[in-house]
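Okay, so here's the structure we're looking at.
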Amino acid sequence: MITDDIFYIGVNDKDIDLFEGQYIVPNGMSYNSYVILDEKIAVMDTVDQRKKDEYLTALETALNGRRPDYLVVSHVEPDHASSIKAFLEKYPGVQLVGNAKTFPMLAQYFDLNFDSALTVKEGDVLSLGKHELHFIMTPMVHWPEVMFTYDSFDKVLFSADAFGKFGSLDTEEDWTCEARRYYFNIVGKFGAPVQTVLKKAAALDIQIICPLHGPVLTENLDYYLSKYQIWSSYEPESEGVFIAYASLHGNTAGAAHKLKDILADKGCPKITIADLARVDMAEALEDAFRYGKIVLAASSYNGGVMPFMEDFLHHLKGKNYQKRTVALIENGSWAPSASRAMTELLSQMKDISMLDTSVTIRGALKEEDVKALSNLADALLR
């Protein structure tokens, strides 16, 4: 129970290994759905069809013999909408509620008749009795048809994918870490639309946030809103340095770890390091956005840069990486090319400040290279 009239009917998926076919989810996922019981009954979204039977059982229990009147579709992505057909087969006559973009997209997945569907727009209100649902269009957070719903009676914001996180609800873990990884990998490209939505949310008296993934948020909502403000504006969240490396024979890895030690000795508040060949790429991307300074250390390879580093930089570009200070370390025994290749990829991103104090290593780390790394650390800390 979320309030006297709003009930959680979502499910946990502990069987999934990759969310959206790419994101490692060691603690699974939750697919959230909610039901509002009033004179009329509204169900807020469905769940991934992987768990539709469990979901429909939870819904039936919550309804306690009643039948729903509306199914509000805030997001058509299959992890939320792929059980809609099964829902309608169990409860025929329920009126679907969505916006002008919802039903054409839903038709790409299901052969359904949408003639009786209720199409809403920004500012429209649907009365269930004492509960009044206010619809807020939130395109590109993170699909074009997404909308939020605000219940003005219980002051609940049904926020679609916003404020969600990886992980099932039966796992105890820090919200911020997995919400950050979720945000930057799934929503990160769309900072401007998120900023627009935050301005709309600021005008509402929100006491509870009900996302489509992760826990219902009921306390210290300013904390979650502030995180989204930082993330969507692409401002650094934490003081520190993220070192990402791609090493061919271990020498570049040694340089990266040596720099980490030097930075620590010089009082850097936080240093995070990642081997791009072995780390979860989504987690590396999360750290790149978290800190204001990043060091890219890579071996030269085929006249360019190690493929893991190239792939990482393409991921950053795709997520609209910006407003960061970047330093480079390259290694090349006979024709160093990594810095040039990395600089070319970074030049395609905006508001990137490149430090002049780059380091070139030829083969194994030498005494003069350690001095160069110390100078690089000084430049980063300035």
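Residue Y31 is tested with D13, N12, D45 for a side-chain hydrogen bond (donor to acceptor under 3.5 Å, both in side chains); the sole match is D13. With respect to L217, the side chain to side chain contact (heavy atoms under 4.5 Å, CB included) criterion is satisfied by exactly one of L225, I209, I206: I209.
Annotation for E367: atom CD does not count as buried by contact number, only 12 or fewer foreign heavy atoms lying within 6.0 Å. Other residues, nucleotides and ligands place more than 12 heavy atoms under 6.0 Å from the CD atom of E20. The number of heavy atoms from other shown groups lying within 6.0 Å of NZ (K371) does not exceed 12. The number of heavy-atom neighbours closer than 6.0 Å to CD of E239, taken from other residues, nucleotides and ligands shown, is 12 or below.
Taking the centre of each ring, F242 and Y291 stay at or above the 6.0 Å mark. No close placement of the F308 and F312 rings is indicated, their centers lying 6.0 Å or farther apart. Ring centers of F7 and Y34: at least 6.0 Å apart, outside the cut-off. Between F184 and F289, the ring center distance clears the sub-6.0 Å criterion.
Remark: side-chain polar atoms of S83 are not paired, donor with acceptor, to backbone N or O of A86 under 3.5 angstrom.
Note: Y150 and H134 have tilted aromatic rings, judged against thresholds of 30 and 60 degrees for the angle between ring planes. Using the six-membered ring where Trp is involved, Y183 and Y228 have ring planes that are perpendicular, over 60° apart on the 30 and 60° scheme.
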Run the ring pair (Phe, Tyr, Trp, His ring centres under 6.0 Å) test on Y224 and F163 for me, step by step, so that the C-alpha distance in whole Å, both residues' side-chain angles and the decisive distance to 0.1 Å come before the verdict. CA-CA 7 Å; Y224 305 108; F163 304 102; 7.6 Å; no
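Using a 4.5 Å heavy-atom cutoff, the side chains of I36 and F158 are in contact.
Distance check, rounded to the nearest 0.5 Å: CG of L276 to CD of E310 gives 12.5 Å.
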